[in-house]
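Okay, so here's the structure we're looking at.
Because the structure is predicted, anything quoted here is derived from the model rather than measured.
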Amino acid sequence: QVQLVESGGGLVQPGGSLRLSCAASRNIFGTMGWYRRAPGEQRELVADITRDGTTNYTDSVKGRFTISRDNAKNTVYLEMNSLEPEDTAVYYCNARGLGWGYWGQGTQVTVSS
């Protein structure tokens, strides 16, 4: 069993920045990533990163968000810049591999003036 603990969410004005962190309870050899669920919407992939650092982003965050990973700390980060009201959602950390997957409990990000 793996526990994923997210931190760093909050309220920010449009154009602002936030950094999310997700610490895993043990070493993750698979892919780690961030998903989000906006009110009334389905959960969607925001970005993910393999253990060797290959990244993938959904189109709406390219150029604004950066995902990174520290394997020594079992932690994945999401640096979010130029935030827009449309980025408001609960953000979930995910870790997955062949035949397994784990989710964090989520952290709220609200972009509003």
Nearest 0.5 Å please: distance from the CH2 atom of Trp100 over to the CD atom of Gln1.
11.5 Å
When rounded to the nearest 0.5 Å, the distance separating CG of Asn94 from OH of Tyr35 is 5.0 Å
Check [X] against [Y] and note the closest heavy-atom contact, atom names and distance.
| X | Y | answer |
| --- | --- | --- |
| Ser112 | Pro14 | C-CD, 3.6 Å |
| Tyr92 | Gly104 | CD2-O, 3.7 Å |
| Met32 | Arg69 | N-NH1, 3.6 Å |
| Ser17 | Ser82 | OG-N, 4.4 Å |
| Ile67 | Thr55 | CG2-CG2, 3.7 Å |
| Pro39 | Thr88 | CD-O, 4.1 Å |

What do the steps show when you test Thr110 against Leu11 for side-chain contact (heavy atoms from CB on, under 4.5 Å), and what is the final call?
CA-CA 5 Å; Thr110 302; Leu11 173 64; 3.7 Å; yes
Same cluster for [X] and [Y] if Ile/Leu/Val/Met/Phe/Trp/Tyr side chains link at under 4.5 Å?
| X | Y | result |
| --- | --- | --- |
| Val12 | Leu20 | yes |
| Leu78 | Val5 | no |
| Trp34 | Trp103 | no |
| Val2 | Val76 | yes |

Within a strict 4.5 Å, meaning less than it, do heavy atoms of the [X] and [Y] side chains meet?
| X | Y | answer |
| --- | --- | --- |
| Ser7 | Thr107 | no |
| Met80 | Val61 | no |
| Ile28 | Asn74 | no |
| Val109 | Arg36 | no |

[X] side chain vs [Y] backbone, donor-acceptor pair below 3.5 Å:
| X | Y | result |
| --- | --- | --- |
| Asn56 | Ile49 | no |
| Glu6 | Gln105 | yes |
| Tyr57 | Arg64 | no |

The complete set of disulfide (SG to SG under 2.5 Å) pairs with one or both residues in residues 54-113, sequence neighbours excluded, reads Cys22-Cys93
Classify the ring geometry between Tyr91 and Phe65 as parallel (under 30°), tilted (30 to 60°) or perpendicular (over 60°).
tilted
